[in-house]
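Heads up: the structure comes next, in structure tokens.
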Amino acid sequence: MQEPSVSKIRRLFKKLNSPKIYQSKMSTVGKTITCKAAVAWEAGKDLTIETIEVAPPKAHEVRVKIAYTGVCHTDGYTLSGNDPEGQFPVVFGHEGAGVVESVGEGVTSVKVGDHVVCLYTPECRECKFCKSGKTNLCGKIRATQGKGVMPDGTSRFTCKGKTLLHYMGCSTFSQYTVLADISVVAVDPKAPMDRTCLLGCGITTGYGAAINTAKISEGDNIGVFGAGCIGLSVIQGAVQKKAGKIIVIDVNDAKKDWAFKFGATDFVNPTKLPEGQTIVDKLIEMTDGGCDFTFDCTGNVQVMRSALEACHKGWGESIIIGVAPAGKEISTRPFQLVTGRVWRGCAFGGIKGRTQMPDLVQDYMDGKIKVDEFITHRHPLKDINLAFHDMHKGDCIRAVVTMDE
Ligand code: AHE
Ligand code: ZN
């Protein structure tokens, strides 16, 4: 047989690489994508890795190829069956970063190829909440998001002929997911996505609570209850605001080193106090009357009470960040508030995701916010259940899941 000429080979390569062939053979735009996802079929059971179908994005929606996702206690909480908003079957995950694969009609805020962080607290810039200038909570899609569907009331996921629900507007435990355009923000493509994913919840929640919600002044004494991902993030915010004492309270002594690594000045294990001394007494003693700001990063309502009561009379503020189990209520003597203590809370650190996330990523890139240090465990998607098990052990701050493995 005669060997093909060099020019013939060149022509062949050119044809193969032509946009037309590329489009028809490779493009997934407008088509249903089949990929892997971790599916929660029912409460209290491990997730199972399934092949699922992800429909194309509709108007004002974005389909994202998720590169990495963190696993947060809230995923575990809803999986446990105790979240009043929890529904099954569902694709969990809300701490994700990835690349825009395609966009639906009318999407102008992001484009194909953008590196994005998923936002479980969206920002529409049009609703009463967004326009108030008083909160980062956005009301535009909260109702459908809580029901596990897209804003038009339907799901983009199916598996074995069944519809799967979305979760917190994100569903990052799928290799591809669809989000409302107001639930994604493009960030610096040079930022590593195995780190930026963590800015999608835990780190931003704690850091934002310290720098946004609490108006910390130089020298203020701070109490941080719980030294997990959120508590450690509060510490970094407090350090940045030049707080005075940053006292970390945790029942796990192993958290002491973690707390100091992030800039805490003191560590107290409340289970090891002298007989008769409460954690409230201890903090009041250490701060000459009480903390200027305390943060509950545990979700435990008893801890929330101590956090409030350890605040300074007249002006101390306690900020609730932890998610409490369903049905739990907080209580204290009203006298605590009459005498000037303030109880408040915030979601996603009070951060407006589309407006402020690019700067947070930049701060990470500039070495102003620690992110790498939070990653204690890594798993491929197929082992995602191990990430849930890690999370319930004391040595895990954050487990990151690699989606394409
Ligand atoms: N579905 C739960 C509420 C859970 C909750 O409070 N979620 C937090 C985020 S946790 C992130 O890990 C939050 O931001 N809430 C604000 C909101 O609008 O949901 C329940 O108890 O019903
Ligand atoms: Zn979370």
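Predicted, not measured: the structure shown is a model, and the values here were computed from it. Order of appearance sets the numbers: ligands from 1, and atoms from 1 within every ligand.
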Would you list the protein N, O or S atoms within less than 2.8 Å of the Zn ion (ligand 2), leaving out water? Cys72 SG, His94 NE2, Cys201 SG
Less than 4.0 Å between a side-chain N and a carboxylate O, is that true for Arg63 and Glu61? no
With nothing but distance in play, are any N or O atoms of Arg142 less than 3.5 Å from an N or O of ligand 1? yes
Closest protein heavy atom to atom 20 (C) of ligand 1, given as residue, atom name and distance to 0.1 Å: Asp83 OD1, 3.4 Å
Do any heavy atoms of Pro84 fall under 4.0 Å from ligand 1? yes
With the threshold set at under 4.0 angstrom, would you say His94 reaches ligand 1 through any of its heavy atoms? yes
Do other residues, nucleotides or ligands put more than 12 heavy atoms under 6.0 Å from the CG atom of Asp288? no
Can you pull out the closest protein heavy atom to atom 15 (N) of ligand 1? Residue, atom name and distance to 0.1 Å, please. Ala347 CB, 4.3 Å
pair Val62-Pro57: side-chain heavy atoms closer than 4.5 Å: no
Inspect the contact between Lys272 and Asp253 and indicate whether a charged nitrogen and a carboxylate oxygen are less than 4.0 angstrom apart. yes
Starting from atom 8 (C) of ligand 1, what is the nearest protein heavy atom, named by residue and atom, and what distance separates them? Val323 CG2, 4.1 Å
What pairs meet the ring-ring contact (aromatic ring centres under 6.0 Å, His included) rule with one or both residues in residues 227-259, with sequence neighbours excluded? none
Does the ring centre of Phe92 sit less than 6.0 Å away from the ring centre of Tyr77? no
Students should be able to answer this: which protein heavy-atom is nearest to atom 3 (C) of ligand 1, and at what distance? Glu85 OE1, 4.4 Å
Indicate yes or no: at least one non-hydrogen side-chain atom of Cys35 is less than 4.5 angstrom from one of Ser174. yes
Give the atoms of ligand 1, by number and element, whose distance to some non-hydrogen atom of Cys201 is under 4.0 Å. 11 (C), 12 (O)
List every atom of ligand 1 that sits less than 4.0 Å from any heavy atom of Cys72, numbering the atoms from 1 in the order shown and giving each element. 12 (O)
Student check: side-chain heavy atoms of Phe388 and Asp75 closer than 4.5 Å: yes
How far is atom 9 (C) of ligand 1 from its nearest protein heavy atom, and which residue and atom is that? Tyr120 CE1, 3.7 Å
Please determine if Lys245 and Glu285 form a salt bridge, counting it only when a charged side-chain N lies under 4.0 Å from a carboxylate O. no
Val361 and its side chain to side chain contact (heavy atoms under 4.5 Å, CB included) partner, picked from Ile369, Val185, Val187: Val187
Which atoms of ligand 1 have any heavy atom of Tyr77 under 4.0 Å away? 21 (O)
Would you say Val91 and Thr177 make side-chain contact, with heavy atoms under 4.5 Å? no
To which protein heavy atom is atom 12 (O) of ligand 1 closest, and what is the distance rounded to 0.1 Å? Thr74 OG1, 2.5 Å
Thinking salt bridges, do Lys160 and Glu50 make one under a 4.0 Å N-O criterion? yes
